[in-house]
2 protein chains.
Amino acid sequence: MAPTALAPFQATSELTHSGIKHILTKTTPSVIANGNSTPSINELDASKLVFTRNLSPHAVPEPDSPEVWTQSKCSDHMVTCQWTSTGGWAAPHLQPYGPLQLMPTASVLHYATECFEGLKFYRGHDLKLRLFRPTRNTQRMLNSATRISLPAFDPDELQKLIETLVAVDGEKWLPKSRPGTFLYLRPTMIATAAALGVQKPKEALLYIMACCFPSFDTPGGTAGPSGNVRQQSSKARPGLKLLASKEDTVRAWPGGFGYAKVGANYGPSLIAQGEAKARGFDQVLWLLGEDCDVTEAGASNFFVVWRTGEGKLQLVTAPLDDKIILDGVTRRSVLELARERLGGELEIIERKYTMSEVENAAEEGRLLEAFATGTAFFIASVGSIHFRGKDLRIPMSEGVTGKYAAILKTHLANIMYGREDHEWGVVVNERQVDA
Amino acid sequence: MAPTALAPFQATSELTHSGIKHILTKTTPSVIANGNSTPSINELDASKLVFTRNLSPHAVPEPDSPEVWTQSKCSDHMVTCQWTSTGGWAAPHLQPYGPLQLMPTASVLHYATECFEGLKFYRGHDLKLRLFRPTRNTQRMLNSATRISLPAFDPDELQKLIETLVAVDGEKWLPKSRPGTFLYLRPTMIATAAALGVQKPKEALLYIMACCFPSFDTPGGTAGPSGNVRQQSSKARPGLKLLASKEDTVRAWPGGFGYAKVGANYGPSLIAQGEAKARGFDQVLWLLGEDCDVTEAGASNFFVVWRTGEGKLQLVTAPLDDKIILDGVTRRSVLELARERLGGELEIIERKYTMSEVENAAEEGRLLEAFATGTAFFIASVGSIHFRGKDLRIPMSEGVTGKYAAILKTHLANIMYGREDHEWGVVVNERQVDA
């Protein structure tokens, strides 16, 4: 089944798919049975935005300064929007960035009723501001929200809200004097109702913030929201060192929620991630099952380039159809660009593959590259994988990166920073918004 | 492997177990390798408690009033205690119950870095206040915290903090005029550091609150934090109606975290739970794997009483050793009491068992009872299970409950409410605490 497909309504099975369908259509089986119409509630509507300007704006930190490395410095404003099960979405609010108040009983603090997105906006070399494929993020946010029982919304309205924040804070926080830089956007939704019952959220808060982030894909990256890991250092990166997971630690499973960007995929992985780091590795390579299917690296998608026994050159990554891995925007873009621009050299394959296949390829000299992809740290080449007591070394032909990783990264960066005009790069016009 | 056992330190495996061990011993492999001593940080210490009395105390709602059914009304005070990775635990604070301030970037709102406990305190028929086996909750809280990379603490100190809250708010909120009533206690820990990096928490907040809860085990219960289920109604309960899960919705997985009381076990199950409820069922009976192993009902443990083909009467529940299910305090107490007091009649079995076994027993008239156990809704008999298009009916010999469920419930309630003097019932002395 395709990851976004919804199973047909069945009376007693496919609970998750049916539940999601009912959130999306805002109906329940009893409504369907009774033929009643859905009560009218307000949809998310960016045109209702209310703006309260920040009268105590902050200084913008220098790129790559220690403050940026804290990954905690946000721009002057944030978008917030409240939802209730009875009233739907209130008017969105563009307001000064600052703390949230939550009751200690709030659902999100107990039951992980939360989801998020990660995307960047870029100051192009042509001095324009761009988002990269934001519709992929807003659609995925909808998928994640419904999986975790949070309310549905029109993804286009979320995109408009993101664009408003970019338009208002972009000029100051990503100044034209700094082409080739970016800020990280974090749309988030949390269940806020103050009640301890384990039940579908009755109140929620959607919020969007823009945060100063370092470049993890240049020499010296460190931990970022897509699970990257490298210590800040002045040395060139020798490629990520991955530690393959064992059976005692599974990131995601069939029938679970590995495909959704929900908090529940992150917190439980931190213990293994921290342990891997303490042992000198950058990240965990998550394997699944007795066959050791390769799934994700940290919280990033994972690719290998190998030559088959028959001599074919292949770019291989895990598939989406079992819903184990995240449908990464960078993953998808790498696959699409590779098919379009490298299809003559490379076969592009999405399929289950095992650690034994990777091990055999490495031992027979057929493993050419491996890399991890994610929004925060972009495309990062992998230098070694520790698996069952052995270090599999992965050659990196271009110094600190593999050949195809470098080619794909250049193509993508050209689109993000406006060196190539492409439909994936969505220009956002800076504009004054009246408070 | 026993669920609480920690594997010996191994260089490249057992990441989760090693990570937990390092939190518990406050060491990392590099510290071990260098032979350095652990830097001195403050332990959780209840004796340092600072008390700020609530000068605007609230009215106590009537038992079973609508306000109680919201599961949001807490007592006048809460305990809070901050932790940082550099300083350890600050002095605990007994303070007025009220909202928390969190930055929008706080780890708990994105990565589900959170865990909790649920226990009750009881106003006995002898007018004493009691906790029920609180050491089981404080030890489990430690297990859950370390699994989700939150800091370790001495469980005895947590118990002292719980007892302080009970001592201060018990007299007013569980008055002697209402023997046989209880309040629900919710110790919670969340990661609070305002930074978007996916990493082990650097700051955390432990807090404890006491919340007014209805009795779910009397006729007319509704959804509660241990996954209870029944709609409020004036009718006698006919037993829970469970809907068996299908492969598309799996609660927990080997190598996952099903045994820990972390938020990540709850939010992802809400979509199926809500769907089951919308179809007229009370809760999901969570099955696992091709063989349909029976695990939990809702977020509660699940028991069956059946007669084997050979005529033996058995009380059966899923085992803890694969870490799929929660080590419930009520589950453990039911097993221990049944072994002690019903061992002559019943064989007490913890083992994997499948839905086919339950189905066969039901069809052959050998299935006598089924019940769910949890702190919030205690022991609730199950009347039917919908599985593969069929309703398996479960007889309930004693009207609204099964015979053994009723016996076990009476034994437990006698201990909780002081009708039986037992080491599981821990008396808390009401006392004045100076602000």
Side-chain angles (χ1 to χ4, degrees), chain A residues 12-19 28-30 70-72 99-105 108-114 116 148-149 190 194-200 207 209 211 223-225 227 246-250 253 255-257 263-264 266-268 270-272 274-275 278-279 299 386 389, chain B residues 12-19 28-30 70-72 99-105 108-114 116 148-149 186 190 194-200 207 209 211 223-225 227 246-250 253 255-257 263-264 266-268 270-272 274-275 278-279 299 386:
Chain A
T12 56
S13 67
E14 305 290 349
L15 284 180
T16 298
H17 288 164
S18 296
T28 66
S30 58
T70 64
Q71 296 174 255
S72 64
L100 306 174
Q101 270 210 347
L102 291 170
M103 288 308 283
T105 48
V108 64
L109 304 180
H110 302 267
Y111 307 128
T113 38
E114 62 196 51
F116 65 94
I148 202 75
S149 296
I190 60 177
L196 289 180
V198 177
Q199 57 192 340
K200 285 174 74 174
Y207 62 94
M209 55 202 168
C211 189
K246 300 268 288 189
E247 299 76 19
D248 86 320
T249 310
V250 173
W253 52 85
F257 40 88
Y266 294 82
L270 295 180
I271 191 83
E275 188 64 12
R279 295 183 193 182
H386 192 92
Chain B
T12 55
S13 67
E14 306 291 349
L15 282 179
T16 298
H17 287 166
S18 295
T28 67
S30 57
T70 64
Q71 298 175 253
S72 63
L100 306 175
Q101 268 209 348
L102 291 171
M103 289 306 286
T105 48
V108 65
L109 304 178
H110 302 268
Y111 308 128
T113 37
E114 62 197 51
F116 65 94
I148 203 72
S149 295
R186 173 59 63 97
I190 60 176
L196 290 179
V198 177
Q199 56 192 340
K200 284 175 75 175
Y207 61 94
M209 54 204 169
C211 188
K246 301 268 287 188
E247 300 75 20
D248 86 318
T249 310
V250 174
W253 194 262
F257 40 88
Y266 293 81
L270 294 179
I271 191 83
E275 186 65 12
R279 295 183 194 181
H386 192 92

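Residue numbers start from 1 in every chain, and the chains themselves are labelled A, B, ... in the order their sequence lines are given, proteins ahead of strands. Remember, predicted model here, so these are calculated numbers, not experimental data.
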Chain A contact via [X] - which portion, at a heavy-atom distance below 4.5 Å:
X	answer
Leu109(B)	both
Glu247(B)	backbone
Met209(B)	side chain

So which heavy atom on [X] is nearest to which on [Y], and how close?
X	Y	answer
Lys200(A)	Leu270(B)	CG-O, 3.9 Å
Ala112(B)	Ala264(A)	CB-N, 3.7 Å
His110(B)	Glu114(A)	C-OE2, 3.1 Å

task = List the steps, then state whether side chain to side chain contact (heavy atoms under 4.5 Å, CB included) holds for Arg279(B) with Leu15(A).
result = CA-CA 10 Å; Arg279(B) 295 183 194 181; Leu15(A) 284 180; 3.8 Å; yes

message = Quick check: do Ile148(A) and Pro268(B) have side-chain heavy atoms less than 4.5 Å from each other?
response =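 In short, these two side chains touch, coming nearer than 4.5 Å.
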
Segment of Ile190(A) engaging chain B (4.5 angstrom heavy-atom cut-off) =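 Interface part for Ile190(A): side chain.
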
request  = Tell me, for Thr70(A) versus chain B, whether the close heavy atoms (under 4.5 Å) come from the side chain, the backbone, both or neither.
outcome  =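 Contact with chain B: backbone only.
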
Chain B: which of [options] shares the most heavy-atom pairs with it under 4.5 Å?
options	value
Gly19(A), Ser72(A), Cys211(A)	Gly19(A)
Gly255(A), Gly267(A), Gly256(A)	Gly255(A)
Val250(A), Thr113(A), Ile271(A)	Ile271(A)

query = Going from CE on Met103(B) to CG on Leu100(A), what distance comes out if it is rounded to the nearest 0.5 angstrom?
reply =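 One gets 8.0 Å once the value is rounded to the nearest 0.5 Å.
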
Leu196(A) side, atom CG; Arg186(B) side, atom CZ - distance, nearest 0.5 Å =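 Between atom CG of Leu196(A) and atom CZ of Arg186(B) there are 4.5 Å.
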
ask   = Parallel under 30°, tilted from 30 to 60°, perpendicular over 60°: which one fits the rings of Tyr111(B) and Tyr266(A)?
value =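 Geometry flag for Tyr266(A) against Tyr111(B): tilted rings.
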
ask   = For the residue pair Trp253(A) and Phe257(B), is the inter-centroid distance of their aromatic rings smaller than 6.0 Å?
value =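 Yes, they do, as the ring centres are separated by less than 6.0 Å.
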
key: Polar side-chain atom of Thr16(A) near backbone of Ala272(B) as donor-acceptor pair, under 3.5 Å   =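 No, Thr16(A) side chain to Ala272(B) backbone: no donor-acceptor pair under 3.5 Å.
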
